[in-house]
Amino acid sequence: MSRQLSLRTTVPLLKQEAKRWFALLQRADARAITRFRDAWPQAPQQPTLRDVQHALAREYGANSWVALVDRVSDLAIDRQSHDDRLATLLSHGWTGDVTTAERLRTRYPELVTANVFTAAACGDMMAVQRFLQRDSALVSATDPVRGWTALAHVMYGRLDAAHAVEIARQLLDAGADVHFRFDDGWGNAFTLLTGVAGEGEGEKPPHPLVLPLAHLLFERGIDPFDTQLLYNTSLHHDDTSWLERLWAESERCGITELWRAREGRMLGGKFPSTTLDYLLGNAITRHHEARTRWLLAHGASAHAVHAYSGRPLHTEASMHGFSRGVALLESHGATAQPLRDDQALAVALIQGDEALVRRLVAADSTLISNSGVLHTAALHGQTAAVELLLGLGGEVNAVDHEGATPLHRAAQNGHVHTITALLDAGADLAHRDARFHATALEWAAVLGQQRAVDVLIPLSHDVRALTRVAAVDRLNTVLRDAPHRANERLPEASAPTPLFCLPDDDELAVAVAKVLLAFGANPQERDANGKSAIEAAKARGLDATAACLAGHPLG
């Protein structure tokens with residue numbers, strides 16, 4: 001069977017088709033088996049989903065699933081307008097989507113010289129020179145997409161492993177501002193140095209020329225007390241390189257007192273904390289031994305409290321099972337603080353001390369429901385602890401300060417085994433938290449926990465969540481039994497009914513919208529701002545979906 005990709009083919013649609021085909025194979029469907037053998041005669045007798053994806057790729061004439069995905073990615077790029085491609089290229093330093101940006105640069109080389117910003121991001125030194133010779137004011141100009149200077153695109157871009165240092169020096173010599181910065185809304189400025197270092201919550205890679213670029217920025221007088229960079233590099237790796245680098249430059253500039261200050265530029269948190277103490281709290285909760293050692297050696301206080309929990313760091317280390325951290329804190333004068341019963345329970349759970357857990361709960365049964373230990377155990381995927389607490393009388397559907405259940409917390413971090421244990425104990429899939437009015441499936445979907453999504457979809461009756469994840473088959477099943485759910489309305493300004501919860505992919509959105517419409521969904525329903533589902537789809541760029549909702553399907 002030879003098949004052709006169309007401009008409307010998307011990777012999510014192909015993944016869905018592969019999953020449906022795989023499910024049919026697992027049910028020993030004769031037609032599915034014949035199709036599979038025709039597509040790949042040498043296929044394994046007991047295929048996995050990956051094998052089915054490979055067979056699907058062969059149907060499209062590709063030699064692998066990866067090759068098929070690459071073809072579809074090219075088609076997606078071809079669907080974009082010139083301005084859209086330009087915006088994607090200029091945004092890659094922020095979004096982290098280097099693969100698409102590289103594909104754009106290769107497929108549409110004219111984008112590289114579209115303006116001084118793309119030339120800087122892509123490493124075209126001669127083009128940057130030509131732009132500056134024509135208009136010297138461009139050295140300080142900002143682009144209309146991100147509001148960044150050309151120099152910022154050098155530092156945040158990840159497409160140039162050859163000329164970035166020379167281009168950056170050229171721009172600085174022409175008058176570019178080494179102190180350029182922007183704020184993402186959380187109060188800590190992103191600087192050029194922040195861009196070079198990468199990392200952060202999305203764990204973006206550093207610039208390929210990170211060290212020579214950092215050296216150039218230091219040479220030109222950039223502020224080494226970069227709080228956003230300190231935060232970004234404290235999240236994932238037990239590495240002191242940036243701490244050492246920034247501290248050395250701060251010493252050279254005579255500003256190390258800023259690291260110990262209790263006012264001015266600091267990293268935040270709910271409880272007052274110096275930058276050193278804040279970073280020590282992060283190191284403790286992440287079991288970063290080298291960073292803990294370095295921070296204590298440079299003035300962080302072993303007696304400090306965690307910036308978010310307010311608990312002494314010694315207590316925090318104990319509750320997180322970080323015994324090496326406890327020892328390091330004690331070597332700098334910290335002493336164990338008396339633990340409240342709920343804290344002792346958390347420590348006992350982490351240490352696997354079932355006897356102590358049982359004694360504490362026997363003495364005070366409210367510890368399970370009032371202390372949040374069940375939610376914490378679920379959040380961290382401590383399945384054995386969750387099962388123990390439930391066995392001791394813990395309420396599987398208890399809610400925390402955000403109205404979330406343990407199932408929400410397990411879904412938040414994608415802990416499949418914990419999710420399964422909670423479901424076996426009767427967890428309520430339909431419960432919506434108080435903050436986002438979302439079920440555990442929606443939490444998993446929004447946070448990109450695909451394995452959790454796959455576990456929850458076959459069990460969920462949440463039409464909004466099933467709409468978001470484009471679970472067409474399950475959506476059909478649910479609506480056949482309860483068609484009124486197609487118009488289920490929640491007090492949510494931006495997405496009151498399922499038709500406002502459509503996926504971002506236009507083709508997937510059309511497929512889902514057709515199911516909802518078939519069961520009576522009303523596209524004229526309006527949100528709190530008076531916008532209809534049709535208008536909302538148009539505003540999101542879902543043109544085919546908007547046409548479908550309006551009763552005029554495209555094609």
Side-chain angles (χ1 to χ4, degrees), residues 155 177-200 206 210-211 213-286 288-314 316-317 325 328-335:
M155 302 302 173
D177 183 10
V178 75
H179 303 297
F180 171 84
R181 56 183 57 206
F182 62 91
D183 194 320
D184 69 342
W186 289 93
N188 276 301
F190 283 73
T191 71
L192 299 179
L193 198 56
T194 315
V196 168
E199 298 194 42
V210 54
L211 293 182
L213 283 173
H215 179 77
L216 175 63
L217 292 173
F218 288 138
E219 180 185 282
R220 296 304 179 98
I222 199 166
D223 184 354
F225 183 58
D226 190 320
T227 53
Q228 186 64 48
L229 188 157
L230 286 169
Y231 173 78
N232 284 355
T233 54
S234 75
L235 301 179
H236 304 292
H237 308 292
D238 190 14
D239 177 21
T240 62
S241 300
W242 276 107
L243 288 172
E244 293 164 1
R245 203 169 287 128
L246 296 177
W247 182 267
E249 288 297 323
S250 294
E251 277 190 321
R252 189 176 64 80
C253 297
I255 58 170
T256 53
E257 73 278 0
L258 294 176
W259 295 59
R260 304 185 184 94
R262 291 193 171 274
E263 55 185 21
R265 280 186 290 154
M266 294 183 294
L267 278 167
K270 297 179 181 178
F271 298 88
S273 179
T274 70
T275 295
L276 284 170
D277 292 348
Y278 178 100
L279 294 171
L280 181 58
N282 275 7
I284 290 293
T285 57
R286 289 164 173 78
H288 288 169
E289 183 179 350
R291 289 177 62 83
T292 297
R293 195 182 300 277
W294 189 96
L295 289 160
L296 287 168
H298 287 76
S301 173
H303 305 284
V305 300
H306 194 275
Y308 293 101
S309 72
R311 290 187 288 260
L313 291 180
H314 189 286
E316 202 72 28
L328 284 170
L329 291 169
E330 289 179 351
S331 72
H332 283 75
T335 56

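Given the structure is predicted, the values throughout are model-derived calculations rather than measurements.
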If we only count heavy atoms from C-beta on, is the [X] to [Y] side-chain gap below 4.5 Å?
{"X": "T194", "Y": "F182", "result": "no"}
{"X": "H306", "Y": "T285", "result": "yes"}
{"X": "D223", "Y": "L193", "result": "no"}
{"X": "L217", "Y": "T191", "result": "no"}
{"X": "L192", "Y": "V196", "result": "no"}
{"X": "E289", "Y": "D238", "result": "yes"}
{"X": "Y308", "Y": "Y278", "result": "yes"}
{"X": "E199", "Y": "L235", "result": "no"}

I'd like to know if the side chain of [X] and the backbone of [Y] have a donor-acceptor N/O pair within less than 3.5 Å.
{"X": "H236", "Y": "G200", "answer": "yes"}
{"X": "R291", "Y": "L280", "answer": "no"}
{"X": "R293", "Y": "L328", "answer": "no"}

State, to 0.1 Å, how close [X] and [Y] come at their nearest heavy-atom pair, and which atoms those are.
{"X": "A302", "Y": "A334", "value": "O-CB, 3.5 Å"}
{"X": "H303", "Y": "G333", "value": "CE1-O, 3.0 Å"}
{"X": "G281", "Y": "L313", "value": "CA-CD2, 3.8 Å"}
{"X": "N282", "Y": "S234", "value": "ND2-OG, 2.9 Å"}
{"X": "H237", "Y": "H288", "value": "O-CE1, 3.6 Å"}
{"X": "G221", "Y": "V178", "value": "C-CG1, 4.4 Å"}

Passes ring pair (Phe, Tyr, Trp, His ring centres under 6.0 Å), F180 versus F190? Steps please. CA-CA 9 Å; F180 171 84; F190 283 73; over 10 Å; no
Determine, for [X] against [Y], whether the closest basic-nitrogen to carboxylate-oxygen distance falls under 4.0 angstrom.
{"X": "E249", "Y": "R245", "value": "no"}
{"X": "R262", "Y": "D277", "value": "yes"}
{"X": "R260", "Y": "E257", "value": "no"}

Full working for ring pair (Phe, Tyr, Trp, His ring centres under 6.0 Å) between H298 and W259: CA-CA 9 Å; H298 287 76; W259 295 59; 8.2 Å; no
Stepwise side chain to side chain contact (heavy atoms under 4.5 Å, CB included) test for T240 and W247: CA-CA 10 Å; T240 62; W247 182 267; over 6 Å; no
Candidate pair L296 and L329, rule side chain to side chain contact (heavy atoms under 4.5 Å, CB included), full reasoning: CA-CA 8 Å; L296 287 168; L329 291 169; 4.2 Å; yes
Do L279 and L267 pass the side chain to side chain contact (heavy atoms under 4.5 Å, CB included) test, and can you show the C-alpha distance, the side-chain angles, and the key distance before you say yes or no? CA-CA 9 Å; L279 294 171; L267 278 167; 3.8 Å; yes
Show, in sequence, the C-alpha distance, side-chain angles and deciding distance for F218 and L246, and conclude whether the side chain to side chain contact (heavy atoms under 4.5 Å, CB included) test is met. CA-CA 10 Å; F218 288 138; L246 296 177; 3.9 Å; yes
Taking atom NE2 as the centre, does H332 end up with more than 12 heavy-atom neighbours from other residues, nucleotides or ligands that are less than 6.0 angstrom away? yes
